[in-house]
Amino acid sequence: MVILTFRAPRAAAKLKKTVLRQVLGDANYETEKLVGGAGPENEEARNIVRLMKRATIGAEDYPLSKAALHHDRNAGIDIWDDEGGAPSGPARPIR
């Protein structure tokens, strides 16, 4: 999620919000499809796209949730436990 706040006079901030809505609508709200358009009239749109792309994290780089980390950490223990071994300690629920 990206949060953009526009600190400018009311008219300039309204224009930037309008451009932001246009860019998001053109991309169908998908960050992979963000483009700013060509030409000098689309400079503000390209700036907004640049800001958003710098602020977002790709799915492959997104940190794992606590549940996913717990599952990954105990994957080897679960397999070993099924073969008759015992884990080193009790499995604790994730808080």
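Only a predicted model underlies this, so the values are computations on that prediction, with no experimental measurement involved.
The two atoms that bring Val23 and Val35 nearest to each other are CG1-O, 4.1 Å, heavy atoms only. Counting all heavy atoms, side chain and backbone alike, Lys33 lies closest to Ala27 at O-CB, 3.6 Å. Met52 and Leu20 make their closest contact through SD-CD1, 3.8 Å (heavy atoms, listed as atom of the first residue, atom of the second, distance). For Ala45 against Gly36, the heavy-atom pair with the smallest separation is CB-O, 3.4 Å.
Taking 4.5 Å as the limit, every side-chain heavy atom of Val19 sits out of range of all side-chain heavy atoms of Asn42. Here the side chains of Gln22 and Thr18 are not in contact, with every heavy-atom distance at 4.5 Å or above. Counting only heavy atoms from C-beta outward, the side chains of Leu15 and Glu44 never approach each other to under 4.5 Å. Two residues are said to be in side-chain contact when any heavy atoms from C-beta on lie closer than 4.5 Å; Lys14 and Arg10 fail this criterion.
For the atom pair CG of Leu34 and CG of Leu24, the computed distance is 6.5 Å after rounding to the nearest 0.5 Å.
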